[in-house]
Trainee: 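Encoded as structure tokens, here's the structure I'll be asking about.
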2 protein chains.
Amino acid sequence: MAATIRDVARAAGVSQSTVSRALNGSGYVSPATRARVLAAAAQLHFRPSHVARSLVSKATHTLGLLLPDITNPFFPAIARGVEDAAARAGYAVILCNTDRDPAHEEHYLAILRQRQVDGLVLIASSAAVGHRIARADFPAVVFVDRVPPGAEADAVVVDNREGVRTATRHLLGLGHRRIAFVGGSAGSGTSEDRLAGYLAALAEAGLNPDPGHIRAGDFTYDGGYAAGRALLGSPDRPTAVVAANDLMAIGVLRAAAELGLRVPDDVAVVGYDDIPLAGMLNPPLTTVAQPTYEMGERAARMLLERLAGKAPPEPRRVVLPARLVVRRSCGAGRDGQ
Amino acid sequence: MAATIRDVARAAGVSQSTVSRALNGSGYVSPATRARVLAAAAQLHFRPSHVARSLVSKATHTLGLLLPDITNPFFPAIARGVEDAAARAGYAVILCNTDRDPAHEEHYLAILRQRQVDGLVLIASSAAVGHRIARADFPAVVFVDRVPPGAEADAVVVDNREGVRTATRHLLGLGHRRIAFVGGSAGSGTSEDRLAGYLAALAEAGLNPDPGHIRAGDFTYDGGYAAGRALLGSPDRPTAVVAANDLMAIGVLRAAAELGLRVPDDVAVVGYDDIPLAGMLNPPLTTVAQPTYEMGERAARMLLERLAGKAPPEPRRVVLPARLVVRRSCGAGRDGQ
DNA sequence: CTGTTAGCGCTTTCAA
DNA sequence: TTGAAAGCGCTAACAG
């Protein structure tokens, strides 16, 4: 149905190779013939077949984006960043939700390899993937958010430790001394980094962490709620809570409301992520903003650079800063939004 | 580098076509040779090239997903539904953010056509796309959420009118008589349908709509906030507000808080969409849930059916019901979450 | 049941 | 400056 390069060649009275050269600007073509070719191509609405091109060029101009779940508010902005950068460079991106399941991850990796995607942006969940990737035949890979141990590839991460440290310091500066921490899931590097930031800030202030004030919330709303109930329901309740992500912070907010505690008067709360609705909550949530869009955008650009051969052979690691966004949930804050 | 079908053929001592037949289960192959081929293929880690296959079969097993912006909380679940259904059937999905810009939309359409995607799931923004699509050479297209006028294709939509009607009735049932409406952008079919539902419910109750109680909020948080200020700040303020989406409802919530009005005691608020955080707000937001995941999943399935030739020739239209989710923001509600 | 022969639509030497 | 020819990796007649 659609016109092929042969049709154009015939219409222009030249050979296929000439059409190819004229259209791609590769090799010499006389201005006159080039014009004829262009005219014929336009006239026939010729669109070179991407598939045929890929077959010969070995490049599909396609990127794979593996992330746990696009439905989690943390990921859409990253995806958007990746897509924008890719689109600008003429690349398409295939979306894959892994559900943090190594089997899914493995499965998609196989699929994407078979499709010969040129590169991968990977928000990895399983550590195993680090090694798989290493020996896998992907021209280029960039890890985002977390770097599996042993992964020899470019990466874009955020300074989680510093982010939480800043948030905790802010609370300390407000006069809080009994500050609790609601972490993610044990064994998560992200969670550990954030915990480390919390501990570091306490240490700086000469405070000893109270083991009873450190709880796991599994990065979920429900987990945060449960932790909040436990923390705020106890006799020696903290005056402030640092949650390792916004979802858990929102759970803490709810627990506080149910216990009749006012935020920020009775208890201050800070979250992490600055998800889109953080500023729309009541009270607006003080939180640590991750440059999610930029993470994705940056990752895609690094990938593209590497594909273009414009990258040093050794893996690069970009560490983006997190930013404290002060809103009302911890008191002194501005209005939010 | 990677093994090709020729390598397998050589290793198994048969011809390429035999390998192809053995691996694809097409045509006759003796059990003995099949075994040899399978062994050789496994041994060489042979993975048929998707690109080469596409070139001959004319099918890429790839779907395009066009939506305004994955960063808008309404879309990720749809995307996830599409991706899940596609993945189950061995299809990959290419994500495209159009920003509701006809030019972008047009651009992506061209890209996707050139890549010969087998089908399109389209959350269209511009009406123009309806016609473009009609004459475009995509084997199959399914519209989601809104159907551009003149579009001759399958579609999955939600009964917006009925959804808002139910929500408004709920408010009426609670005894409210002064009920305001915050709509989306003028000219949006979605917004008009929701307004129609609101008006219908009022009419049923024998109430005359007060023009001053109907405002546009542009589907944004800020728009909702502004509308909320205007509505709730006026002397004849309504006792309840129906917002055409959750973002605007949250804006109204904020306006209420700033004006010192308690929700739901002083003013009841209901939203539309049931975005992930609706139940986590304080108070939890009563809203109309759209079956977003199902919309995407259903759309992809319809697409796949059509590609498989298992669909009637005429366009199908699936209308999914919206569901009122009663939470605390309008009073009598349950707990939320 | 299996091998031979053609392409799919394009790029790319290599000659002319 | 252009054309002829080969080939990317696979599938699909068509013989045998």
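The figures here come from the full heavy-atom set of this structure, side chains too, leaving out hydrogens, waters and symmetry mates.
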Trainee: How about Arg316(A): does its CZ atom have over 12 heavy atoms from other parts shown lying under 6.0 Å from it?
Mentor: yes
Trainee: Heavy atoms only, 4.0 Å cut-off, all strands: where does Val51(A) land among base, sugar-phosphate and nothing?
Mentor: nothing
Trainee: I need the CZ-P distance between Arg34(A) and dT2(D), as an integer number of Å.
Mentor: 9 Å
Trainee: Only one of Arg301(A), Arg298(A), Arg306(A) clears salt bridge (charged side-chain N to carboxylate O under 4.0 Å, His left out) with Asp154(A); which?
Mentor: Arg306(A)
Trainee: State whether the side chain of Arg36(A) and the backbone N or O of Ala12(A) hold a donor-acceptor pair below 3.5 Å, judged by distance alone.
Mentor: yes
Trainee: For Gln16(B), is there any backbone N or O sitting under 3.5 Å from a side-chain donor or acceptor partner on Ser20(B)?
Mentor: no
Trainee: Classify Thr33(A) by what it touches in the nucleic acid, base, sugar-phosphate, or nothing, heavy-atom distance under 4.0 Å.
Mentor: sugar-phosphate
Trainee: Does the pair Arg80(B)/Asp84(B) count as a salt bridge with the N-to-O cut at 4.0 Å?
Mentor: yes
Trainee: Which letter, B, S or -, goes with each nucleotide of nucleotides 9-16 of chain D from 5' to 3', with contact meaning a protein heavy atom under 4.0 Å?
Mentor: BBBBB---
